[in-house]
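Heads up, the thing below is written out as structure tokens.
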Number of protein chains: 2
Amino acid sequence: MSDDHRAWKDEVYAHVARMGKALASPRRLEILDLLTQGPKSVEQLAGELLASVANTSQHLHQLKSARLVRSHKEGTYVIYQLAGPAVDRLLESVEEAGESLLLELGLARQQYFPDPADKDPVPLDELQSLMASDALYLIDVRPPAEYAAQHLPGAVSVPLPMLAEHFRGWQDDKPVVAYCRGRYCLYARDAVRYLAQQGIAARRTEASIRDWPPGVLATG
Amino acid sequence: MSDDHRAWKDEVYAHVARMGKALASPRRLEILDLLTQGPKSVEQLAGELLASVANTSQHLHQLKSARLVRSHKEGTYVIYQLAGPAVDRLLESVEEAGESLLLELGLARQQYFPDPADKDPVPLDELQSLMASDALYLIDVRPPAEYAAQHLPGAVSVPLPMLAEHFRGWQDDKPVVAYCRGRYCLYARDAVRYLAQQGIAARRTEASIRDWPPGVLATG
DNA sequence: CTGATATTCTCGTGTTCACTTGAATACTTG
DNA sequence: CAAGTATTCAAGTGAACACGAGAATATCAG
């Protein structure tokens, strides 16, 4: 009887460990994080990762055999996307666990961003109340394709390269809040830094589409 | 600037991947699952795993350097436990993702438990309403130490070896519900099967202490 | 059909990992 | 202090993995 139990447990945990293995590589984690923003082709992903297309393809293959992503073809491209909302939750859990348990992550932040101006992101609840009263100018500084896939309600698409043009002659007095992909994305930081140079007070938030239920998000 | 971004992301995802690596081994997953039931010594864990103490100790060391567990000494024993509630949530997420994405897990269930009597566990909400109206005899069939660490309110400790003795001459007409460690634990199945042989109608539930907020659980 | 492009496959190499075995290190207890 | 026990360390072996480079496949446009 106990032998039966062992065989069952061996099999079950071996299956679950396949998902763990998929999460065991920095590259794959970054791929998954990128895919939370919307479906992407192998090429796009490789470009973001600064990795070779062949290598990216191999990682995607592993993610696929662990069932964390699925793919379909669009013309000559293969488009990958997360396999379901369970993957979003899984990623959120592992990054959340990392934040709360790995103090190294906090140290890395201090090392890369010693500037205290980087330190006061708008927390999720404050952002939500600002959005509810329409008391902010919310800019989405991700690439346009990700904005098109999903964006926060009321957000304006201002990809980083368009920042200067968009804010030339800016006079509005609503507070500007920039968001990007979330926790480990630096676009919003870059945007706030640039706007500060231009004398425009802006803040960033680490909240992202991942903090909203999918149904409420806008597309197009 | 993009180089800065890469260095930052390389470092961050390398850190997060440490947690992924910790989840990449069946043994370690099983250890973590066991530790959700309460603190345990290296020896106890090795016994449950049917693994060598040295090997178990090594896995625990890896889990510790990934910050998923922490340890303290009690007399001559080193007691390990989960590092915090974030680890419970992480485990729940990875197993939940496995259940919803890896159809192999469902197939394994069918293979090991073809008996349809295994198929109707009491769902969480039904269990909760039964518990609220005190309309069941809830037995905890885990080892006594785990019952002592934490158990569902109102549950009676009936470790598997005590089953026969406990139900000798049983006449109560309350429905019997057995629970154990949760999803991949077989104790409740074994209990229900034995009780059925004795002509006692009992059901199992896959709900476990992991489904209750820690504050509500009873100890001792 | 041909050329072009996107993606995957196949090796080869260096690295990391799991597990076993046997020894070493604490700590407690008499 | 000594003996016993719980735990960890260290070395060795075989398997798995990551990455790069080049070949192979597949699909679309002309």
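We name chains A, B, ... by the order of the sequence lines, and we start the count at 1 in each one.
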Within 6.0 angstrom of B:H61 NE2, more than 12 heavy atoms from elsewhere: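 No, NE2 of B:H61 has 12 or fewer neighbouring heavy atoms, counting only those of other groups under 6.0 Å.
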
Kindly say if A:S57 contacts the phosphate of C:dT8, meaning a side-chain N or O under 4.0 Å from OP1 or OP2.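 Yes, such a contact exists.
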
Check whether any side-chain nitrogen or oxygen of B:Y80 sits under 4.0 Å from OP1 or OP2 of D:dA6, and answer yes or no.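 So the side chain of B:Y80 is outside the cut-off, no N or O lying under 4.0 Å from OP1 or OP2 of D:dA6.
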
Rounded distance [0.5 Å steps], CZ in A:R204 versus CG in A:L186: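 Rounded to the nearest 0.5 Å, the CZ-CG separation comes to 9.0 Å.
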
Look up atom CD in A:E146 and atom CD in A:E48, then write down how far apart they are to the nearest 0.5 Å.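 Nearest 0.5 Å value for the CD-CD distance: 6.0 Å.
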
Can you tell me the distance, in whole Å, between the [atom1] atom of [X] and the [atom2] atom of [N]?
| X | N | atom1 | atom2 | value |
| --- | --- | --- | --- | --- |
| B:L60 | D:dC9 | CG | P | 12 Å |
| A:R18 | D:dA16 | CZ | P | 15 Å |
| B:H72 | D:dA6 | NE2 | P | 17 Å |
| B:H61 | D:dT8 | NE2 | C1' | 9 Å |
| A:L49 | C:dT7 | CG | C1' | 16 Å |
| A:I31 | D:dC19 | CD1 | C1' | 13 Å |
| A:E74 | D:dC28 | CD | P | 12 Å |

Checking A:Y80 side chain against A:S57 main chain: does a donor-acceptor pair fall under 3.5 Å?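 Not at all, since once roles are kept as given, no pair shorter than 3.5 Å links the two residues.
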
Please tell me which of the listed nucleotides, C:dT7, D:dT8, D:dA6, lies nearest to the side chain of B:Y77?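 Among the listed nucleotides, the one closest to the side chain of B:Y77 is D:dA6.
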
Can a side-chain donor-acceptor contact be found between A:R27 and A:H59 if the only test is distance below 3.5 angstrom?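 No - no donor-acceptor pair under 3.5 Å links their side chains.
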
Thinking salt bridges, do B:E206 and B:R181 make one under a 4.0 Å N-O criterion?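 B:R181 and B:E206: not salt-bridged.
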
In B/S/- notation (B base, S sugar-phosphate only, - none; protein heavy atoms under 4.0 Å), nucleotides 17-28 of chain C written 5' to 3' is SSBB------SS

